[in-house]
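Worksheet: the structure to be examined is printed underneath.
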Amino acid sequence: MRHTIRVALKDRKLTRRGHVGAEGVCRVLLELAVDHFAEAGKDELIAWEFGNSGDLGKFVYQLADQGAIELSETDRAEDFDGWYDLEKDPSTWGLQW
């Protein structure tokens with residue numbers, strides 16, 4: 001997850017004042033999964049229990065609770081809802097390419 005956040009921070013379109021929001025984390029995670037695992041990326045993310053953006057958000061918040069990452073004061077777990085669901089058609093996602 002730290003790698004995903006570091007990659008997202010390098011993309012100026014995804015950052016505001018050195019912060020990456022839920023959309024940016026979701027977008028970069030999906031891109032990295034495809035880059036690294038190709039067609040198996042979907043299966044890997046599901047196996048890691050990141051099959052939808054809400055599950056990813058829960059994991060991000062667990063990391064924050066453990067002190068592994070920092071969140072901004074305006075971040076909310078609900079920010080991760082609705083960006084993607086690997087069990088549904090991508091046209092239904094909040095992320096659009």
Side-chain angles (χ1 to χ4, degrees):
M1 188 53 53
R2 287 184 187 173
H3 179 67
T4 299
I5 293 168
R6 279 194 301 270
V7 170
L9 283 169
K10 293 179 184 179
D11 187 332
R12 293 177 193 240
K13 292 179 270 181
L14 300 177
T15 59
R16 286 193 199 128
R17 294 186 221 153
H19 177 71
V20 179
E23 178 184 9
V25 173
C26 291
R27 183 178 303 275
V28 170
L29 179 72
L30 292 174
E31 290 172 357
L32 289 173
V34 170
D35 288 350
H36 190 75
F37 297 106
E39 291 180 16
K42 175 182 174 180
D43 296 331
E44 288 295 324
L45 290 175
I46 290 171
W48 296 342
E49 299 182 5
F50 298 154
N52 65 64
S53 56
D55 290 341
L56 175 62
K58 289 175 189 171
F59 180 75
V60 167
Y61 273 78
Q62 287 173 353
L63 289 176
D65 288 344
Q66 295 169 5
I69 62 172
E70 282 186 44
L71 301 173
S72 78
E73 293 177 9
T74 59
D75 287 331
R76 301 177 337 207
E78 298 81 29
D79 294 344
F80 282 87
D81 292 344
W83 289 112
Y84 74 88
D85 184 334
L86 297 176
E87 298 296 334
K88 295 184 180 179
D89 188 273
S91 66
T92 66
W93 300 358
L95 290 178
Q96 300 297 316
W97 279 275

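Side chains included, hydrogens not; waters and symmetry mates left out as well; all remaining heavy atoms used.
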For this session: Show your working on side-chain contact (heavy atoms from CB on, under 4.5 Å) between Ile46 and Glu87 and close with a plain yes or no.
Result: CA-CA 9 Å; Ile46 290 171; Glu87 298 296 334; 3.3 Å; yes
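At least one donor-acceptor pair closer than 3.5 Å links the side chain of Asp79 to the backbone N or O of Arg76. Side-chain atoms of Ser53 come within 3.5 Å of backbone atoms of Phe80 as a donor-acceptor pair (strictly under, hydrogens ignored).
At a threshold of 4.5 Å between side-chain heavy atoms, the hydrophobic network of Ile, Leu, Val, Met, Phe, Trp and Tyr places Ile5 and Trp48 in one connected group. Cluster membership for Leu71 and Leu63, using ILVMFWY side-chain heavy atoms within less than 4.5 angstrom, is shared.
Between Trp83 and the options Leu95, Leu29, Leu56, a side chain to side chain contact (heavy atoms under 4.5 Å, CB included) holds for only Leu95. Tested against Leu86, the residues Asp43, Leu30, Asn52 include a single side chain to side chain contact (heavy atoms under 4.5 Å, CB included) partner, Leu30.
Atom CD of Glu49 sits in a sparse spot, with 12 or fewer heavy atoms from other residues, nucleotides or ligands closer than 6.0 Å. Within 6.0 Å of CD on Glu78 lie more than 12 heavy atoms contributed by other residues, nucleotides or ligands.
To the nearest 0.5 Å, atom SG of residue Cys26 and atom CD of residue Glu31 are 11.5 Å apart. With rounding to the nearest 0.5 angstrom, the NZ atom of Lys10 is 8.0 Å from the CZ atom of Arg6. The distance from the CG atom of Leu32 to the OG1 atom of Thr4 is 5.0 Å, given to the nearest 0.5 Å. Taken from OH in Tyr84 to CG in Leu45, the straight-line distance is 6.0 Å, to the nearest 0.5 Å.
Using a 4.5 Å heavy-atom threshold, the side chains of Asp75 and His19 count as touching. Looking only at side-chain heavy atoms (C-beta outward), Val28 and Asp11 stay at 4.5 Å or farther from each other. Looking at heavy atoms from C-beta onward, Val25 lies in side-chain contact with Met1 at the 4.5 angstrom threshold.
In terms of heavy-atom proximity, Ser91 sits nearest to Asp89 at OG-OD1, 2.5 Å. Considering all non-hydrogen atoms of both residues, Ala8 and Leu14 come closest at O-CB, 4.0 Å.
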